[in-house]
Amino acid sequence: KNSLSGPDVLKKYSVKMKEQPPDEDCPICCENLRGPSGYDATDNMAPSMVTKLQHCNHVFHGVCLLAMYNSGSKDGSLQCPTCKTIYGEKCGNQPPGTMDYHVIPYPLPGYVDCHTIRIIYTIPHGIQGPEHPTPGKKYTARGFPRLCYLPDTEKGRKVLQLLIKAWERRLIFTIGRSTTTGEDNTVTWNEIHHKTEFGSNVTGHGYPDPEYLDNVIAELAAHGVTE
Ligand code: APR
Ligand code: ZN
């Protein structure tokens, strides 16, 4: 999907330090930045090379940052392990499926004067890919189609656009252990909360919840999804 190699991604988002590194431990390997990395040299990168991320200015051994990148989804984006700043567009490992939505002419509790956006996520079961916890093994997909609700207000429509972006970046679902059922190798929500209850709030995943739109905007931003 992305033609940039690990060293290219580092070059794009960090600057090699020319001056003496600070007398601090590298947050990734825990060895002093003035000495070599605890990781082996790779891709012609010297183990003592130290690099500074572009915007947040956090400093790491180059080979440490490269090892971190290579152990992730290798999608061309980099996330600072210290402050979580995202460089580029972070993508997840959501399995294949569809996202649809439409407006239904009923109000949500707490939004009496407006209609409701209903989102429908459909994901079938399948076989895990190399980006999943157990490649080659089956995964289950329970409770699909999953229906979710947003108020059809300006802010609700903004959240819908952000959720569409998150879906395209494969961030809405992941594969792992469901906290609710304890089942492994199953499709689960991925840190972006959805309202799956329509007329009430028995589960805590319903309305009224005046904080919800702001909370989900913050959760989306933590994944790098913003307007
Ligand atoms: N609706 C929306 N979000 C939920 C629900 C629910 N009914 N239950 C749990 N979550 C949230 C949790 O708060 C947590 O943040 O999803 C996140 C992951 O929890 P898991 O239990 O691991 O998720 P998952 O197995 O995907 O879902 C549990 O959600 O939509 C329903 O049908 C689904 O019953 C299933 C439940
Ligand atoms: Zn940082």
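These numbers come from a predicted model, not from an experiment. One-based numbering, in listed order, for ligands and for the atoms of each. The chain is numbered in sequence order, starting from 1.
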| Is it true that Y39 and M68 fall in one hydrophobic cluster, defined by side-chain heavy atoms closer than 4.5 Å? | yes
| said: When you group the ILVMFWY residues by side-chain heavy-atom contacts below 4.5 Å and let the links chain together, are V15 and L4 in the same group? | reply: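 Each belongs to a different hydrophobic cluster.
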| request: May I have all residue pairs that pass side-chain hydrogen bond (donor to acceptor under 3.5 Å, both in side chains) and include part of residues 136-156, sequence neighbours excluded? | output: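 Listed by first then second residue: T140-E183, T140-T186, R142-E183, D152-R157, K155-D214.
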Can you pull out the closest protein heavy atom to [atom]? Residue, atom name and distance to 0.1 Å, please.
atom	answer
atom 25 (O) of ligand 1	S178 OG, 2.6 Å
atom 34 (O) of ligand 1	T180 CG2, 4.9 Å
atom 26 (O) of ligand 1	R146 NH1, 2.8 Å
atom 8 (N) of ligand 1	H205 NE2, 3.5 Å
atom 16 (O) of ligand 1	W189 CD1, 3.2 Å

| Any donor-acceptor N/O pair, E197 side chain to T203 backbone, under 3.5 Å |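 Between the backbone of T203 and the side chain of E197 there is a qualifying donor-acceptor contact (under 3.5 Å).
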| task | Starting at CG of L65, measure out to CE of M49 and round the result to the nearest 0.5 Å. | result |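 Rounded to the nearest 0.5 Å, the CG-CE separation comes out at 8.5 Å.
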| query | Pick one: which of V216, L213, V103, T116 meets side chain to side chain contact (heavy atoms under 4.5 Å, CB included) with L150? | reply | L213
| message | Taking distance alone, with N or O pairs closer than 3.5 Å, would you say R142 contacts ligand 1? | response |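 There is no such contact.
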| Nitrogen or oxygen of T181 less than 3.5 angstrom from that of ligand 1 | no
| task | Name the option, out of T203, T179, N190, T186, that contains the heavy atom nearest to atom 19 (O) of ligand 1. | result |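 Answer by nearest heavy atom: T179.
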| For atom 21 (O) of ligand 1, is some protein heavy-atom partner under 4.0 Å away? |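 When distances to the protein are checked, atom 21 (O) of ligand 1 has a heavy atom within 4.0 Å.
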| field | Which segment of H193 sits under 4.0 Å of ligand 1 when only heavy atoms are counted | value |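 The side chain, only.
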| field | Residue part near ligand 1, for T188, under 4.0 Å between non-hydrogen atoms | value |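 Both backbone and side chain.
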| query | What atoms in ligand 1 come closer than 4.0 Å to a heavy atom of T196? | reply |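 Heavy-atom distances to T196 below 4.0 Å select 1 (N), 2 (C), 6 (C), 7 (N), 30 (O).
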| query | Looking at L78 and Y69, what are the two nearest heavy atoms and their distance? | reply | CD1-CD1, 3.8 Å
| query | salt bridge (charged side-chain N to carboxylate O under 4.0 Å, His left out) with K158: which residues, sequence neighbours excluded? | reply | E227
